[in-house]
There are 2 protein chains.
Amino acid sequence: MKATIYDVSRLSGVSTATVSRAFSAPGQVKEDTRRRVYEAASALKYTPNAIARDMALQRSNRIAYLICKRQATILDEFYAGICEGIMRRANALNLQLIVSTADDWRQMAVNAQSKQVEGVILGGDAAPELVSEFQARNTFIVLVNNRMRGFDLPCVVADEREGIRLAAQRLHAAGHRRIALMMGGYSPYIVGERYAGFIEAMASLGLPVSDADVTMCDRSAASAAMSAMKLLSGPDRPTAVLAVSDVVAAGVMKAARRLGLSVPGQLAVTGYDDSAICNLLEPELTSVHVDVRRMGETAVDLLRQGMDGVQTPRITVIPTRLAERGTV
Amino acid sequence: MKATIYDVSRLSGVSTATVSRAFSAPGQVKEDTRRRVYEAASALKYTPNAIARDMALQRSNRIAYLICKRQATILDEFYAGICEGIMRRANALNLQLIVSTADDWRQMAVNAQSKQVEGVILGGDAAPELVSEFQARNTFIVLVNNRMRGFDLPCVVADEREGIRLAAQRLHAAGHRRIALMMGGYSPYIVGERYAGFIEAMASLGLPVSDADVTMCDRSAASAAMSAMKLLSGPDRPTAVLAVSDVVAAGVMKAARRLGLSVPGQLAVTGYDDSAICNLLEPELTSVHVDVRRMGETAVDLLRQGMDGVQTPRITVIPTRLAERGTV
DNA sequence: CCTTCCGATGCAAGCGCTTACATTCCATGT
DNA sequence: ACATGGAATGTAAGCGCTTGCATCGGAAGG
């Protein structure tokens, strides 16, 4: 039913080899012949069969993006952004992309092989076993938004410390001296970096950090609001909160409203991710911006290069900046 | 390098045909033989090569999800939800999924063929030419969140009218008699349905609809806020606003705050989509819930069946319900 | 006019799997 | 002991493409 290279060959009166070359190496075919082939092809509505091509070339051009985080999926704007970047780049580079969340990674590692996946992008924090599994099947790996010690893998991460530093600096510039950190619900790597960034920034600003001012909560706004209530209801409360995500920041703002604290008047807040909700909150949320799409694109580029045997940098850092709005 | 069916065949001492059967039709192979085959396979870390299989079987098991909406992508929570459902189901049914946004659909239609795409899910409002293009290549099509007259295509849509009706009813039950509708920025189909739903609902509640109470705005919160300012600042203002999306609702709430109107005290608001932001707004937003994931899953099921030649229903309606929170 | 050489083309062998058809095996029935 | 049939297995021909190598044709050089 669908036209094959044979049909084109017959109609144009040249061999299949020539037809093949006319498409994949036009330079090797005489102008005139090439034109005849193209005519025949379009008359037959012929398009090369990518599957057969892959089969013959012994490659699959397939990559996978695994989101390794409990209940974090494409619905999470952050991962969606990365995914968006990955998709775009994959399409552009003619790579098949398989996206999967982590819940079934055990099995994923297996049919990653059967699906002939040549490279895999691991988002969130991947289990070391998973990594070994892929390495054993010598599938090329790129980490995104994570780093793993013990494994020498290329990774692309945001400049977390810088992001936090920018936020802290901004708060300091606005006159805040007592700055609290609210974090939690993220991967060890992220939590680690942001915490370290906070400590560094506070030190360089010459501000003390009290243990009471570093609070853990989970990633929901409700949980954040609860923790924030506790943090903010004391008499000697911080005047600014540096939240680990926009959702947490939203929780903090809820708590502030409940306690009758005006934002930014009596309490300044910064978020992280610069997600869509920043513009919806009242006042609009100042937040650390990361170009997630670029992270995704970079990851694919790295993967592509790695698969092609090109040497790639171990660590690619995507810059962060502060998107200033109304909460400071 | 990678073990093939031949290697397994040799090691286990049976023919490749038997190995093949041991994997794809275990019932046809004697218990004992099957075990030998499996042992050999796992010794060689063999996994069937899906590409070769597809090639032999003359099918690709590839489908595509095209988001046909300017600047709406996976970043839009709504589409992300559908996409999530599609991915899950596609993975479960062992289908390759290609996700692409609409900007390059022209070319997409072409390499959809070369990539051997067997079926395509069209999200948002697709161009009729696109549809014809696919039909010409006889690629099976399923529409999601849209319907197209002139084409007899299976589609899965949410029960928009019911959703609007539920919201209107709820507002009515809370004593509101002057209910405004704020909409815009969506596809003709969605706008049409929701508008019709509004008119229907108001009629059945015995409430009059004044033209002044139906406002158009685009999909951003800022635009919505502006329109809402106008709508709400007159002396004879509506007491409730039924917004076409959560973002628009957020804009309305902003306007209300700016005008000093308390929500829900002096103004009730309902949103649509029941997205993550509902819980972040203050007060939390009452919104129409749609099981988008199920929409995606259903679309894949429909596609699968269609590709298999099974007769499928023309229209699948996913029920909607009202997620009640604090803005009514 | 006849080599020489190179660009253009054709030939045919795979790539790893499935499957129709042929063959072999073995448990029955007689 | 032997015919018989169904179950288990083997044989080999594809699926649509690429590509190393062989072949051909014509321009350039002698």
Side-chain angles (χ1 to χ4, degrees), chain A residues 1-38 40-41 44-62 94 96 111-118 137, chain B residues 1-41 44-62 94 96 111 113-118 137:
Chain A
M1 37 162 275
K2 237 167 197 168
T4 75
I5 205 171
Y6 284 96
D7 302 317
V8 179
S9 150
R10 205 172 318 124
L11 183 60
S12 60
V14 301
S15 74
T16 60
T18 303
V19 176
S20 170
R21 285 191 274 255
F23 282 101
S24 45
Q28 288 178 36
V29 147
K30 216 196 304 179
E31 161 76 39
D32 178 50
T33 323
R34 203 191 319 154
R35 226 198 42 250
R36 283 217 325 281
V37 170
Y38 288 166
L44 294 168
K45 287 181 178 308
Y46 166 81
T47 331
N49 180 327
I51 297 190
R53 196 210 293 281
D54 286 347
M55 161 110 251
L57 290 177
Q58 297 270 74
R59 56 148 166 62
S60 71
N61 277 334
R62 276 183 196 172
N94 240 291
Q96 291 299 309
N111 56 357
Q113 181 181 14
S114 108
K115 297 226 180 116
Q116 312 307 112
V117 167
E118 296 183 290
R137 294 178 153 78
Chain B
M1 39 163 272
K2 236 165 196 168
T4 75
I5 204 170
Y6 284 96
D7 303 317
V8 178
S9 148
R10 205 172 318 121
L11 183 60
S12 59
V14 301
S15 74
T16 60
T18 302
V19 176
S20 171
R21 285 191 275 254
F23 282 100
S24 44
Q28 288 177 37
V29 133
K30 216 199 301 179
E31 164 75 41
D32 177 51
T33 321
R34 203 191 319 155
R35 226 198 42 250
R36 283 218 323 281
V37 170
Y38 288 165
E39 271 165 17
L44 294 168
K45 286 180 180 306
Y46 166 81
T47 333
N49 180 327
I51 297 189
R53 194 210 293 280
D54 285 348
M55 161 109 249
L57 290 178
Q58 297 271 73
R59 55 145 166 66
S60 70
N61 278 333
R62 274 182 196 174
N94 241 292
Q96 291 300 306
N111 55 359
Q113 180 180 15
S114 106
K115 296 221 182 123
Q116 312 307 112
V117 167
E118 297 182 292
R137 293 178 153 79

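Just so it is clear: chains get the letters A, B, ... in the order the sequence lines come, proteins before strands, and each one is counted from 1. What you see is a predicted model, and the numbers here were worked out from it, not measured in a lab. What you see below is based on every heavy atom in this structure, not just the backbone, and it leaves out hydrogens, waters and symmetry mates.
- Atom C1' of nucleotide D/dA8 and atom CZ of B/R35 are separated by 16 Å, given to the nearest angstrom.
- Side-chain N or O atoms of A/E118 include one that pairs as donor or acceptor with a backbone N or O of A/N61 at under 3.5 Å.
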Fill in the blank from the handout: Per-nucleotide protein contact along nucleotides 14-21 of chain C, 5' to 3', at a 4.0 Å heavy-atom cut-off (B base, S sugar-phosphate only, - neither), is BBBBBBB-
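- For A/Q28 and C/dG7, the CD to P distance is 11 Å, given to the nearest whole Å.
- At distances below 3.5 Å, at least one donor-acceptor pair connects side-chain atoms of A/D7 with backbone N or O atoms of A/T4.
- Between the A/S9 side chain and the A/I5 main chain, no donor and acceptor come within less than 3.5 Å of each other.
- In this structure, A/N61 atom CG and D/dC17 atom P are separated by 16 Å, rounded to whole Å.
- The closest side-chain heavy-atom distance from A/V19 to A/Y6 is not below 4.5 Å.
- B/E39 has its side chain out of reach of B/L11: every pair of non-hydrogen atoms, C-beta onward, lies at least 4.5 Å apart.
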